[in-house]
Colleague: 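Structure in structure tokens, see below.
Sequence lines set the chain letters: A, B, ... in the order given, protein chains first and strands last, and positions in each chain run from 1. Nothing here was measured: the structure is a model prediction, and the numbers come from that model. Computed from heavy atoms alone, side chains included, the values below leave out hydrogens, waters and symmetry copies.
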Amino acid sequence: MSKVITPREKDYSKWYNDLVVEADLADHSAVRGCMVIKPHGYGIWEKMQQALDKMFKDTGHVNAYFPLFIPKSLFEAEEKNAEGFAKECAVVTHYRLKADPNNKGKLIVDPEAKLEEELIVRPTSEAIIWNTYKGWIESYRDLPLLINQWANVVRWEMRTRLFLRTAEFLWQEGHTAHATKQEAIEETEKMLNVYADFVENFMAVPVVKGIKTANERFAGADETYCIEALMQDGKALQCGTSHFLGQNFAKAFDVKFTNKEGKLDHVWATSWGVSTRLMGALIMSHSDNQGLVIPPKLAPTQVVIIPIYKGEEGLKQITEVVNSIKVKLQQRNVSVKYDDRDSQRPGWKFAEYELKGIPLRIAIGERDLASGTVELARRDTLTKEVVKIEGLELHIETLLQQIQSDLYKKALERTVGSTHHVSTYEEFKKVLDEKSGFVYAHWDGTPETEEKIKEETKATIRCIPLNNKQENGVCIYSGKPSTQKVLFARAY
RNA sequence: CGGGGCGUAGCGUAGUCCGGUAUCGCGCCACGUUUGGGACGUGGAGGCCGUCAGUUCGAAUCUGGCCGCCCCGACCA
């Protein structure tokens with residue numbers, strides 16, 4: 001009763017904010033633009049980390065950790081990268097505070113503790129990492145270097161939103177070095193596929209894989225690959241990027257190696273990352289007015305069991321049965337929580353776990369004991385069924401898989417239904433305003449046209465989809481010839 | 001940075017025009033009755049009204065400054 005979230009159809013943005021807060025995922029903090037990720041939200045992030053980390057390891061990567069601070073001189077070494085991030089950097093200028101002589105109990109920055117060189121709080125780690133790699137790479141035998149780091153980064157965003165855009169966020173950033181251009185490109189594409197695989201199979205969110213236009217490219221990259229997903233409100237969200245960095249950073253940081261022929265060459269690089277923004281994608285893809293919906297593969301708790309009883313003795317009897325169900329589920333690697341708190345009533349618990357998105361709920365009471373059954377409720381469909389306790393663990397195992405695939409299917413249908421093809425600018429604007437979603441349209445390939453369309457419609461080219469169908473047409477804006485449609489959308 | 005809003009108990013709020021130490025709901029604590037969809041009763045605790053200064057016998061309320069947060073844009077993952 002106390003926790004009410006704004007209905008999706010009334011105000012999507014407010015619905016999202018309410019949901020994040022009420023489902024106990026995260027909260028605004030005392031620091032502008034920074035959030036506190038609460039245990040339930042962090043639990044989901046940990047599941048994401050575990051799955052991704054395994055995929056990185058399985059593709060030959062290892063984890064390491066680099067400093068939070070980057071000396072300004074290193075930061076500015078790769079010019080485009082520095083320029084791209086310059087206007088959103090937090091900068092450390094001093095290393096000490098002291099008591100304020102004019103204001104008892106207050107502190108001031110000690111002017112005598114000014115750093116000789118400012119330190120940049122990393123907005124991304126290419127600079128510090130490539131400066132380090134310089135000392136690690138001498139020969140082709142040192143390559144490829146396949147490293148990932150789990151870290152926090154800071155980007156001083158003007159406007160922030162929980163998970164989608166915060167001043168500080170958690171992410172992983174892979175930074176690899178290769179002997180050949182071909183190998184680096186293969187790595188870039190491989191990691192894009194890892195991301196797409198993860199987002200689709202764990203998060204149950206369908207994505208479009210593609211390449212960014214020059215305008216949208218990562219600062220310092222030769223090519224940026226990305227995955228784009230469509231949220232329930234028809235806006236697109238970039239879910240991950242994988243960059244082919246060419247030799248830009250190798251040249252900026254003078255990272256050379258001797259190849260098999262004994263010749264010196266700069267190494268080829270990639271970097272790739274996904275962030276806590278994925279939490280936003282997860283929330284906006286599946287959740288409803290009742291609250292969060294978590295795909296089973298990422299749910300910290302997959303099944304919650306709620307006893308319905310009269311008196312202590314009644315609870316004891318139910319607990320006995322529940323314990324045996326619990327063990328059987330755990331043996332099948334189903335994470336299960338038994339909520340036998342006497343301080344809340346069943347109805348309250350039902351609502352609470354729905355709000356938090358736990359995929360399955362078992363309710364078990366006196367009449368179930370008599371009939372050897374339980375009530376099983378699905379979070380995604382909000383449907384209930386009465387099932388036999390015997391063989392319950394098998395049923396649940398199957399059902400969890402079913403929910404996982406149903407969620408994906410539903411999201412896919414929604415995405416396909418919101419994907420449009422247009423051939424004129426009028427049609428383009430009309431579809432954006434009336435239907436929103438992904439819009440495929442011909443584009444003349446120039447940054448100017450892209451910019452104009454963005455100014456006039458707020459839609460951006462999300463990507464040039466990989467394996468795009470080649471077809472002759474004319475640009476919806478300039479009328480100039482085009483060989484393929486690109487993917488437009490209004491985006492987060 | 002532009003536009004809008006807000007700061008009163010853990011949360012959400014009334015009171016502000018018209019100055020007299022603060023309203024209501026949820027939550028919290030105790031006891032009892034309850035428990036198959038957010039229980040009920042009785043009793044109780046909790047506030048330097050964002051902050052600093054001014055006006056006044058007296059300020060949540062009037063005046064001025066400052067700080068902070070949220071929302072909508074521009075910027076971005």
Colleague: Taking any heavy-atom pair under 4.0 Å as a contact, classify A/Ser13: base, sugar-phosphate, or nothing.
Modeller: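 The answer is sugar-phosphate, as A/Ser13 gets under 4.0 Å only of primed atoms, P, OP1 or OP2.
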Colleague: Taking ring-ring contact (aromatic ring centres under 6.0 Å, His included) as the test, write out the residues that go with A/Tyr408, two or more places apart.
Modeller: none
Colleague: For A/Glu366, does the CD atom sit with more than 12 other heavy atoms under 6.0 Å from it, leaving out its own atoms?
Modeller: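 No, because the 6.0 Å sphere around CD of A/Glu366 holds 12 heavy atoms or fewer from other groups.
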Colleague: With rounding to the closest Å, how many angstrom separate the P atoms on B/C49 and B/G44?
Modeller: 25 Å
Colleague: Flag the pair A/Phe163 / A/Trp45 as yes when their ring centroid distance falls below 6.0 Å, and as no otherwise.
Modeller: no
Colleague: Applying a 4.0 Å non-hydrogen cut-off, can you work out what A/Lys87 is touching in the nucleic acid: base, sugar-phosphate, or nothing?
Modeller: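 Touches sugar-phosphate only.
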Colleague: Check the distance between B/C71's P and A/Arg165's CZ and give it to me in whole angstrom.
Modeller: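 Rounding to the nearest Å, CZ of A/Arg165 and P of B/C71 are 12 Å apart.
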Colleague: Side chains of A/Asp406 and A/Gln402: do they bring a donor and an acceptor to under 3.5 Å?
Modeller: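 Yes, a side-chain donor-acceptor pair sits under 3.5 Å.
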Colleague: Under 4.0 Å, heavy atoms only, any strand: does A/Phe218 hit a base, just the sugar-phosphate, or nothing?
Modeller: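 Nothing, no nucleic acid heavy atom in range.
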Colleague: If you measure only the distance, is there a donor-acceptor pair under 3.5 Å linking the side chains of A/Gln302 and A/Lys297?
Modeller: no
Colleague: Taking CG from A/Asp27 and C1' from B/C70, how many angstroms apart are they, rounded to a whole number?
Modeller: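 The answer, rounded to whole Å, is 13 Å.
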Colleague: Grab the two heavy atoms, one from A/Ala221 and one from A/Asn248, that are nearest each other, plus how far apart they are.
Modeller: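 Minimum heavy-atom contact is C-ND2, 4.1 Å.
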Colleague: Using whole Å, report how far CD of A/Glu451 lies from P of B/A74.
Modeller: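 Whole-Å distance recorded here is 12 Å.
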Colleague: Under a plain distance cut-off of 3.5 Å, with no hydrogens placed, do A/Glu450 and A/Tyr477 share a side-chain donor-acceptor pair?
Modeller: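 A/Glu450 and A/Tyr477 do not have a side-chain donor-acceptor pair below 3.5 Å.
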Colleague: Choose from B/U34, B/G37, B/C76 the nucleotide whose nearest atom is closest to any side-chain atom of A/Glu88.
Modeller: B/C76
Colleague: Of all the choices, B/G38, B/A77, B/G73, which nucleotide is nearest to the side chain of A/Lys458 once you look at every atom?
Modeller: B/G73
Colleague: Side chain of A/Ile308, heavy atoms from C-beta onward: which of B/C75, B/G36, B/A74 has the nearest atom to it?
Modeller: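 Among the listed nucleotides, the one closest to the side chain of A/Ile308 is B/G36.
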Colleague: Measure from the side chain of A/Glu157, starting at C-beta and using heavy atoms only, and say which of B/U35, B/G36, B/C75 lies closest.
Modeller: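 Closest nucleotide to the A/Glu157 side chain: B/C75.
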Colleague: Expressed as a whole number of Å, how far does the C1' atom of B/U13 sit from that of B/C67?
Modeller: 23 Å
Colleague: Starting at CE of A/Met279 and ending at C1' of B/A77, how long is that distance when rounded to a whole Å?
Modeller: 16 Å
Colleague: Produce the list of close N/O pairs, under 3.5 Å, pairing protein atoms with atoms of nucleotides 66-68 of chain B; give distances to one decimal.
Modeller:
none

Colleague: Between A/Gln344 (CD) and B/G27 (P), how many Å, whole number?
Modeller: 9 Å
Colleague: Can you find a donor-acceptor pair, distance only, under 3.5 Å between A/Arg361 side chain and B/G37 base?
Modeller: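 For A/Arg361, whose side chain was compared with the base of B/G37, there is a donor-acceptor pair (under 3.5 Å).
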Colleague: Which nucleotide in the list B/G37, B/G73, B/C76 gets nearest to the side chain of A/Ala351?
Modeller: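 Selected nucleotide: B/G37.
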Colleague: Say we look at B/C48 and B/A9: how far apart would their C1' atoms be, to the nearest angstrom?
Modeller: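 The answer is 13 Å between these two C1' atoms.
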Colleague: What contact category does A/Lys212 fall into here, base, sugar-phosphate, or nothing, at under 4.0 angstrom with non-hydrogen atoms?
Modeller: nothing
Colleague: For A/Thr224 and A/Thr241, does a side-chain donor sit closer than 3.5 Å to a side-chain acceptor?
Modeller: no
Colleague: Would you kindly give the NZ-to-P distance between A/Lys310 and B/U34, to the nearest whole Å?
Modeller: 10 Å
Colleague: If I take atom CG in residue A/Leu237 and atom C1' in nucleotide B/C76, what distance separates them, rounded to the nearest angstrom?
Modeller: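 Going from CG in A/Leu237 over to C1' in B/C76 covers 12 Å.
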Colleague: Considering only atom C1', compute the distance from B/G12 to B/C6 and round it to an integer number of Å.
Modeller: 13 Å
Colleague: Could you give the distance separating B/A77 and B/C62 at their P atoms, to the nearest angstrom?
Modeller: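 After rounding to an integer number of Å, I get 45 Å for this pair.
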Colleague: For A/Met158 and for A/Leu369, find the nucleotide of RNA chain B with the closest heavy atom, then tell me which residue's nucleotide is more 5'.
Modeller: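 Checking each residue's closest nucleotide, the 5'-ward one belongs to A/Leu369.
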Colleague: Look at A/Asn17 and B/C70 and indicate whether a side-chain polar atom (N or O) is within less than 4.0 Å of OP1 or OP2.
Modeller: no
Colleague: Check whether any side-chain N or O of A/Asp288 sits under 3.5 Å from a backbone N or O of A/Gly291 as a donor-acceptor pair, and report yes or no.
Modeller: yes
Colleague: Once pairs are restricted to Watson-Crick or G-U wobble with both distances under 3.5 Å, how does RNA chain B read as a dot-bracket string, [ ] for crossings and | for other-strand pairs?
Modeller: (((((((..(((.......[...))).((((((.....)))))).....(((((..]....))))))))))))....
Colleague: Categorize A/Leu164 for me: base, sugar-phosphate, or nothing, with a 4.0 angstrom heavy-atom threshold over every strand shown.
Modeller: base
Colleague: Under 4.5 Å between any side-chain heavy atoms of A/Phe85 and A/Phe75, yes or no?
Modeller: yes
Colleague: Report the residue from A/Asn131, A/Thr124, A/Ile128, A/Ile129 that forms a side-chain contact (heavy atoms from CB on, under 4.5 Å) with A/Ile70.
Modeller: A/Ile128
Colleague: Taking atom P in both B/U8 and B/C52, compute the distance separating them and give it to the nearest angstrom.
Modeller: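 Roughly 15 Å separates the two P atoms.
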Colleague: Checking contacts here: which listed nucleotide (B/C75, B/C70, B/G36) is nearest the side-chain heavy atoms of A/Arg367?
Modeller: B/G36
Colleague: Would you verify whether the NZ or CZ of A/Arg361 falls within 45 degrees of the ring axis of A/Phe350 while also being under 6.0 Å from that six-membered ring's centre?
Modeller: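 That pair qualifies as a cation-pi contact.
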Colleague: NA contact type, A/Thr166, heavy-atom cut-off 4.0 Å: base, sugar-phosphate, or nothing?
Modeller: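 Result for A/Thr166 = base.
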Colleague: Report the relative orientation of the aromatic rings in A/Phe218 and A/His243; use parallel for angles under 30°, tilted for 30 to 60°, perpendicular for over 60°.
Modeller: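 Parallel: the ring planes of A/Phe218 and A/His243 meet at under 30°.
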Colleague: Side chain of A/Asp342, heavy atoms from C-beta onward: which of B/U35, B/G73, B/A77 has the nearest atom to it?
Modeller: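 Nearest nucleotide to the side chain: B/U35.
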Colleague: Is the glycosidic torsion of B/U21 within 90° of 0, making it syn, or is it anti?
Modeller: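 Chi for B/U21 falls in the syn range.
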Colleague: What is the distance, to the nearest angstrom, from the CG atom on A/Leu162 to the C1' atom on B/C71?
Modeller: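 It is 12 Å, rounded to the nearest whole Å.
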Colleague: Between A/Ala167 and A/Lys384, which residue's closest nucleotide on RNA chain B lies nearer the 5′ terminus?
Modeller: A/Lys384
Colleague: On the nucleotide B/G36, are OP1 or OP2 found under 4.0 Å from the side-chain N or O atoms that A/Arg345 carries?
Modeller: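 Checking B/G36 against A/Arg345, a side-chain N or O does come within under 4.0 Å of OP1 or OP2.
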Colleague: Taking N and O atoms by type only, does the side chain of A/Glu354 place a donor or acceptor under 3.5 Å from a partner on the base of B/G37?
Modeller: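 Answer is yes: a donor-acceptor pair is held.
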Colleague: P atom, B/U61 versus B/A53: distance in rounded Å?
Modeller: 14 Å
Colleague: Is there a donor and acceptor pair, one atom on the side chain of A/Glu352 and one on the base of B/G38, closer than 3.5 Å?
Modeller: yes
Colleague: Any base atoms under 4.0 Å from A/Gln238, or only sugar-phosphate, or nothing? Heavy atoms, all strands.
Modeller: sugar-phosphate
Colleague: Quick check: any donor-acceptor pair below 3.5 Å linking the side-chain of A/Lys349 to the base of B/G36?
Modeller: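 No.
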Colleague: Between B/G27 and B/C66, how far is it from one C1' atom to the other, in whole Å?
Modeller: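 Pairwise C1' distance, B/G27 against B/C66, rounds to 33 Å.
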